[in-house]
Amino acid sequence: MTASAVVFWVLTLIVLASAAVVVLSRSLINSAFALLATFSGVAGFYVLLGADFLAAVQFLVYVGGILILLVFGVMLTHRIQDLDLRAEARQLVPGLFVAAGVFILLAAVATRTPWAIGAGRLPSATTAEIGRAFLGKYLLPFEAASILLLVALIGAALIVRKREDA
Amino acid sequence: MPPTLSSADFLTSWSAVLLYFVAAVGFVAGGLIFWWVIRPSRITAEKLTTYECGEEPIGGAWVQFNVRFYVFALVFLVFDVEAVFLLPWAVVFRELGAIAFLEGLFFIAVLAIGLAYVWRKGDLAWVRLDDRVSP
């Protein structure tokens, strides 16, 4: 086994184990912290696939941002200790069906899509290439993203303000 | 099958990051496990209380936090994503010239409007303006 294969299987173990903790843990805060390991493991997968920029984004946005938001959400919940949000055992059968359905769908997409296989080596760093694409061919989506973020910011502020007043 | 897409140089350059992660996690976990093995276990009720710099703790640690933290988290997340979009721009705007630089500035300007909005509306203030006017 090559070194990258060893890393791949260790990452797989980390992601699956921590995802299991997220679902099965009794305490909501433990679930939130286990999600940290899951997100970090996925960032490792991006590195293995040669997507270094995506890996950095995964860390910045998911580990650094989304997770903060989740932990804050847990801390802001009233009487959090009295809640039992653990998934019930009776959801096992429907859960299996949904998981099998998602697996079949993903497997079909992965095997039937005619993936474009480029010739030559991968770029050593993808960030500059993404930057050139942003400022050239995909300039409009790039600028539209800023409008989208503006809408998200104002919307979030409005919703929270309304809740505070109530 | 494990992926074999990446070139060897690319992964070698990332092995330092991997090593850093393993060292960081191993340092904390190793310390915890080592002391868990060698320390004696004599538990008293006083030892189990929360340590708050020598003060007697009052109530539980699970209090409900101020909802205003959530606004800060949301605003942080939006600008976090903005930073992600600006990173590729920051790497290449020098080689692409003045227009590319202005395109990035426009991106920042749109989000500056958002920052000005939440600032002006008092969402960033710890004590809100309307709180002071009508307590």
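In the text below, chain A, chain B and the rest are named by the order of the sequence lines, each starting its count at 1. Hydrogens, waters and symmetry mates play no part in the numbers below; they use all other heavy atoms, side chains included.
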What's the shortest heavy-atom distance between [X] and [Y], and which atoms?
| X | Y | result |
| --- | --- | --- |
| B:Val92 | A:Gly131 | CG2-C, 3.5 Å |
| A:Leu69 | B:Ala73 | CD1-CB, 3.4 Å |
| A:Gly64 | B:Asp80 | C-OD2, 4.5 Å |
| B:Leu74 | A:Ala156 | CD1-CB, 3.5 Å |
| A:Leu149 | B:Val78 | O-CG1, 3.8 Å |
| A:Glu143 | B:Glu103 | OE2-O, 2.8 Å |

Checking heavy atoms, do the side chain of [X], its backbone, both or neither come under 4.5 Å from chain A?
| X | result |
| --- | --- |
| B:Val91 | side chain |
| B:Phe72 | neither |
| B:Val110 | both |
| B:Leu77 | side chain |
| B:Leu115 | backbone |
| B:Phe107 | both |
| B:Phe76 | side chain |

>> If I take atom OG from residue A:Ser4 and atom CG from residue B:Leu18, how far apart are they, to the nearest 0.5 angstrom?
In response: 11.5 Å
Could you state whether [X] and [Y] fall into the same hydrophobic cluster, counting links through intermediate Ile, Leu, Val, Met, Phe, Trp or Tyr residues with side-chain heavy atoms under 4.5 angstrom apart?
| X | Y | value |
| --- | --- | --- |
| B:Trp14 | B:Val25 | no |
| B:Ile108 | B:Val75 | yes |
| A:Leu13 | A:Val22 | no |
| B:Val17 | A:Val47 | yes |
| A:Ile147 | A:Leu158 | yes |

> Using the benzene-type ring in the case of Trp, are the ring centres of A:Phe134 and B:Phe85 under 6.0 Å apart?
Replying inline: yes
Counting only non-hydrogen atoms closer than 4.5 Å, does [X] touch chain B with its backbone (N, CA, C, O), its side chain (CB onward), both, or neither?
| X | result |
| --- | --- |
| A:Phe59 | side chain |
| A:Leu139 | side chain |
| A:Val151 | neither |
| A:Phe53 | side chain |

>> Surrounding OH of B:Tyr117 (heavy atoms of other residues, nucleotides or ligands, distance under 6.0 Å), is the total greater than 12?
In response: yes
> Around A:Leu96, counting heavy atoms of other residues, nucleotides and ligands shown, do more than 12 lie under 6.0 Å from its CG?
Replying inline: yes
> Pick from A:Val57, A:Ile130, A:Ile154: which one has the most heavy-atom pairs with chain B under 4.5 Å?
Replying inline: A:Ile154
> For chain B, which of A:Leu153, A:Thr12, A:Ile68 has the most heavy-atom pairs under 4.5 Å?
Replying inline: A:Leu153
